[in-house]
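I have placed the structure first, in the form of C-alpha cells, so that the comments after it can refer back to it.
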Protein chains: 2
Amino acid sequence: MLLSKSCVYGLRASLYLAARDENGYVPIREMSDKLEISFHFLTKILQQLTGEGMLESYKGPNGGVRLTRSGEDISLMEVVMAIDGDYMLTECALGLPGCGVMKPCPIHEKWAETRDGIRDMLESTTLTELTKKGKDFDLRITAEGGFRDLM
Amino acid sequence: MLLSKSCVYGLRASLYLAARDENGYVPIREMSDKLEISFHFLTKILQQLTGEGMLESYKGPNGGVRLTRSGEDISLMEVVMAIDGDYMLTECALGLPGCGVMKPCPIHEKWAETRDGIRDMLESTTLTELTKKGKDFDLRITAEGGFRDLM
DNA sequence: AAGTTATAAGACTCTTAAGTCTTAAAATAG
DNA sequence: CTATTTTAAGACTTAAGAGTCTTATAACTT
Ligand code: FES
Ligand code: FES
C-alpha cells in the first residue's frame with residue numbers, strides 16, 4: 001500500500017469532519033459507524049491527529065473531536081505526515097540509506113521527479129476542496145455510500 | 001514503503017544482471033554477496049522473476065540466472081509488476097474497492113493523475129538506461145558501494 | 001559412478017502493521 | 001454526588017510481510 005491503512009482511515013475521517021458545516025465536536029463512535037471503521041482502531045488514529053494538533057478533542061457527553069482549523073487550511077499532506085510520516089517523500093526508491101544526502105542511486109533522478117509530483121498533489125489539495133467535490137457529485141467516501149448519505 | 005522489500009531487492013538484482021556485459025549465467029550467491037542481500041531471500045525473489053519469464057536459470061556448476069532479453073528492452077515496470085503486481089496503479093488512494101470501475105472517491109481525479117506520473121516513469125525507464133548512468137557516474141547500488149566496485 | 005555446485009520448493013521463524021479489548025479519566029446531566 | 005457518555009492509554013491478539021533453514025533436484029567434473 002502506498003499509504004498505510006491507518007493513514008487512509010485518518011484521511012477518510014478528516015474528510016468526514018471537514019464535510020460537516022457545523023463545527024461542534026463529533027463523537028468518534030458516529031464516525032466509526034458511518035465510515036465503517038473499527039471504533040477502537042479509529043480512536044487510536046484520531047488520537048495521533050489530536051496529538052499533532054490537527055484535531056482537538058473533548059470528553060464527556062456532547063464530546064468528540066473536531067478540526068482545529070478550517071478544512072480549507074488543511075492539506076492532505078498534513079494528515080499523511082501526521083500518521084505515516086515523510087518516509088514516502090524522503091526514502092530511496094532502492095531502499096538505500098540517505099537518499100538526497102549520500103551519493104544517489106541510479107533511480108534517484110527520476111524518482112525525485114515523480115516524488116515531487118506526489119508531494120505537489122498532497123500539498124496543494126485541501127480537505128475542503130475534496131469535500132466540496134464529494135458533495136457536489138455525491139462521490140464515495142465508503143465502499144458503497146456517497147457523501148450525501150453521510151450527513 | 002512504496003515498493004516492497006522484495007521488489008526493491010528484485011530491482012537491484014535486475015540492475016546487477018543488466019550491468020554485466022557478458023551474458024553468461026550469474027550465480028545467485030555472487031549477487032547476494034555483492035548486493036548484501038540474504039542469499040535465500042534473494043533466491044526466492046529471483047524465482048518469481050524466472051517464473052514470469054524475465055530471467056532464465058540454469059542449475060549446476062557455471063549455473064545461475066540471466067536476463068532473457070536485453071536490458072534495453074526491460075522496463076522497471078516489468079520488474080515491479082512481476083513482484084509487487086499492479087496494486088499501486090490500480091488501488092484507490094482511500095482504500096475503497098473498485099477504483100476506476102465504481103463511482104470514484106473525491107481523491108480519484110488527482111490521484112489518477114499522480115499515478116500516471118508514476119506509471120510513465122516506471123514504463124519509460126529501462127534497466128540499461130540506469131546501469132549506463134550507474135557506471136558513468138559510479139552511482140550507488142548498495143548502501144556504500146557504487147557500480148564500479150561491483151563488476 | 002561419485003562428488004560437487006548450483007537452483008527449486010516449501011516449511012519454518014521473526015518482526016511489524018493491523019485490529020481488539022480492557023481499564024482509566026474527564027465532563028456532563030439529573 | 002451519582003450515573004452516563006465520551007475520549008485516553010495501553011495491553012493484548014491476529015495477520016501479513018520479511019527473512020531463514022532444510023531438503024530436493026538438476027547439471028557438471030573427475
Ligand atoms: S538515493 Fe535512491 S532514490 Fe534517492
Ligand atoms: S476511487 Fe479512490 S482513487 Fe480511484
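Residue numbers begin at 1 in each chain, while the letters A, B, ... track the order of the sequences. None of these values were measured; they are calculated from a predicted model.
The separation between B:Y58 atom OH and D:dC28 atom P is 4 Å, rounded to whole Å. Between A:R66 atom CZ and D:dT7 atom C1' the separation is 15 Å, expressed in whole Å. Counting to the nearest Å, the P atom of D:dG17 and the CG atom of B:L3 are 15 Å from each other. Rounded to an integer number of Å, the gap from CZ of A:F41 to P of D:dA9 is 17 Å. Distance NZ (B:K44) to P (D:dG19): 10 Å, rounded to an integer number of Å. Residue B:I83 contributes atom CD1, which lies 14 Å from atom C1' of D:dG17 at whole-angstrom precision. A straight line from CD of B:E56 to P of D:dA27 spans 13 Å, rounded to a whole angstrom. Atoms CG (A:D33) and P (D:dT5) sit 15 Å apart, rounded to a whole Å.
To the nearest 0.5 angstrom, A:E144 atom CD is 8.0 Å from A:E36 atom CD. Note that CG of A:L139 is 11.0 Å distant from OG1 of A:T131, once rounded to the nearest 0.5 Å. Within the model, atoms CG of A:D116 and OG1 of B:T114 stand 12.0 Å from one another, a figure rounded to the nearest 0.5 Å.
A:S75 and A:E123 make their closest contact through CB-O, 3.5 Å (heavy atoms, listed as atom of the first residue, atom of the second, distance). Of all heavy-atom pairs between A:E56 and A:Y25, the closest is O-CE2, 3.7 Å.
Looking at B:K5, its side chain has no donor and acceptor atom pair within 3.5 Å of the base of D:dG19.
Using a 4.0 Å heavy-atom cutoff across all strands shown, A:F39 reaches at least one base atom of the nucleic acid. In this structure, B:L46 reaches neither bases nor backbone, as no heavy-atom distance under 4.0 Å exists between it and the strands shown.
Under a cut-off of 6.0 angstrom, the local environment of CD in B:E30 is crowded, with over 12 non-hydrogen atoms contributed by other residues, nucleotides or ligands.
One finds no side-chain N or O of A:S57 lying less than 4.0 angstrom from the OP1 or OP2 phosphate oxygen of D:dT7.
Projected onto DNA chain C by closest heavy-atom contact, A:S4 and B:Q47 fall at different nucleotides, the more 5' of which corresponds to B:Q47. Comparing A:Y9 and A:P61, the nucleotide of DNA chain C nearest to each residue sits closer to the 5' end for A:Y9.
One hydrophobic cluster holds both B:L11 and B:M88 under the rule that ILVMFWY side chains link at heavy-atom gaps under 4.5 Å.
Contacts between chain A and DNA chain C, taken as any atom within less than 4.0 angstrom of a protein heavy atom, begin and end at C:dA18 to C:dA29.
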